[in-house]
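Order of listing sets the numbers, starting from 1, for every ligand and every atom in it. Since we're looking at a predicted model, the values are computed, not measured.
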Amino acid sequence: MVSERALLVTVDFGPGRRGVSRGAAQAREVAAGAGRAATPRNSDEGQDSQREEFRELVTSAGATVAAEVEQRRPKADPATLVGSGKVEELAGTAASAQADVAIFDHDLSPTQLRNLEDALPCRVIDRTQLILDIFARHARTREGQLQVELAQLEYTLPRLTGRGKAMSQLGGGIGTRGPGETQLETDRRRIQRRVQQLRGELEAVRRIRAQQRQRRESVPVPAVALVGYTNAGKSTLFNALTEMRGQTKATPVLESARMFATLDPKLSAIQLPSRRKVLLSDTVGFIRDLPHTLVTSFRATLEEVRKAEVLVHVRDASSATRDEQKAEVEKVLDELEVLGKPRIEVLNKADLLPEEERAALSADAGLVAVSAKDRIGLEALLERIDAELVQDPILEQRLRVPQSEGDALAALEAGAVIHDRVYQGNLVSMTVAAPASLLGRYRRFREKG
Ligand SMILES: Nc1nc2c(ncn2[C@@H]2O[C@H](COP(=O)(O)OP(=O)(O)OP(=O)(O)O)[C@@H](O)[C@H]2O)c(=O)[nH]1
Ligand SMILES: [Mg+2]
């Protein structure tokens, strides 16, 4: 498939550079001694990396950048977002760059979308549609695909216009024809029917997932969820942790420089240094201005996050906008009502930082600096997870177990840290550190006195 040529449009609102407040936030973090002084990140840099992020989104959607246009204006034009002079310029640039599509790094109201489509010689899509498109490309499971299609249709329905140009995005039959009003009504009804059908199918898929979860929860294993900005390295960390020595082999998940590589949640059991097992989950990443429709439709996917006892917030230490990314992630966590859970902050990609900065980070007790790629800092991270789990705490006890109790000994061997083991006749006497639930099962072996 030939990739589409895209005209990228960004608009800075407000009087000055968009990044002023962001710069101030970073200055505070420098003052807090987090070692940021080595590489000050000013607002220009923040803005550049937002542009870069937008370009990456566009390439992740499979398009190539044909041209870019920027505008700064105090506030959005209700009719066309950008001013009328700019619309003319856009039309000219789109024509000369032979753009197939103009992509705005903002959301457009149905009116703005219609007016821009009328004025430009190509299709127009907004930021939410762009992200939905990437999601659609990357969804692998049935549930993921259903969720994205539903979100796409719900977003598009109010944006259906008589022109129909916007609809070519949807594939699935509704082409680029210019439907008249009757055709438009038919399309609307058809979409509404499809929406109903998708809701039904999703309901069914979710019932199965709920059953699976119930079965899982009948054996209580604490859940730990990796969360974070897209591309922070969650999947790489997931693979690194599940591949560590002593872990049972799991199929690796996809690591990719593309944004939103992961859509569908993936779970794997891992063992912590205390020998306690937890269920680790990798899931969809977040982004600045994550479309609300996506948060809602991915609520079920994000259920792993809502059910987790501990959240591991994976951050890209090398990103120029890492502090802004952190704030964005916390916004979504708030929306999911999980800000109250214990949260471990991991600064990943530490391998990309200069030595002084890395040293400063590792001195900060609030953070765990790791490199998922180089497998550095993982042991410390597992210890932190251990420490954060309060459900089923680790207790230390002295046990005396008959050697004939093979099952009990094997279970302790697998689930506890054992020291001072002494054999006395047919008894094994030992000190074990293990989750309270495991020790509870072998209360009868407790050494008296
Ligand atoms: N240098 C370096 N690169 C890393 C590290 N961890 C991940 N990466 C790279 O960062 C990119 C994104 O990694 P992923 O693990 O796919 O990121 P993710 O958070 O799962 O991203 P999404 O699923 O898209 O939200 C890939 O190109 C990885 O190779 C690291 O510790 N150091
Ligand atoms: Mg991923």
Heavy-atom neighbours of K86 NZ exceed 12 at 6.0 Å: yes
Does any N/O atom on E255 come nearer than 3.5 Å to any N/O atom on ligand 1? no
Is the Mg ion (ligand 2) less than 2.8 Å from at least one N/O/S atom of T283? no
Main-chain N/O of P354 paired with E357 side-chain donor or acceptor, under 3.5 Å: no
Among all protein heavy atoms in this structure, tell me which lies nearest to atom 21 (O) of ligand 1, with the distance rounded to 0.1 Å. N231 N, 3.0 Å
For atom 23 (O) of ligand 1, what is the closest protein heavy atom, and at what distance to 0.1 Å? T262 OG1, 2.8 Å
In the protein, which heavy atom is nearest to atom 17 (O) of ligand 1, and how far is it? G233 N, 3.2 Å
Could you walk me through whether T10 and Q50 pass the side chain to side chain contact (heavy atoms under 4.5 Å, CB included) check? CA-CA 10 Å; T10 52; Q50 279 200 355; over 6 Å; no
At what distance is the nearest protein heavy atom to atom 6 (N) of ligand 1, and which residue and atom is it? N348 ND2, 3.2 Å
Record the part of D351 in heavy-atom contact with ligand 1 below 4.0 Å; permitted values are side chain, backbone, both and neither. side chain
min-distance protein heavy atom vs atom 13 (O) of ligand 1 -> T236 OG1, 3.5 Å
Has T262 got an N, O or S atom lying less than 2.8 Å from the Mg ion (ligand 2)? yes
Tell me, which protein residue and heavy-atom name are nearest atom 19 (O) of ligand 1, and how many Å apart are they? K234 NZ, 2.7 Å
I want to know if ligand 1 touches V370 in the polar sense, i.e. an N/O pair below 3.5 angstrom. no
Under a 3.5 Å distance rule, please check whether K234 uses its side chain to pair with a backbone N or O of Y229 as donor and acceptor. yes
Side chain or backbone, does D282 bring an N or O within less than 3.5 Å of an N or O on ligand 1? no
Can you tell me the protein heavy atom closest to atom 16 (O) of ligand 1 and the distance? S256 N, 2.9 Å
Return yes or no for this condition: an N or O of A372 is under 3.5 Å from an N or O of ligand 1. yes
At what distance is the nearest protein heavy atom to atom 10 (O) of ligand 1, and which residue and atom is it? K349 NZ, 3.0 Å
Which of the atoms in ligand 1, numbered in the order shown and given with their element, are less than 4.0 Å from a heavy-atom of G285? 25 (O)
Has ligand 1 got any nitrogen or oxygen that is less than 3.5 angstrom from a nitrogen or oxygen of A232? yes
Checking the N or O distance criterion of under 3.5 Å, is ligand 1 in contact with A261? yes
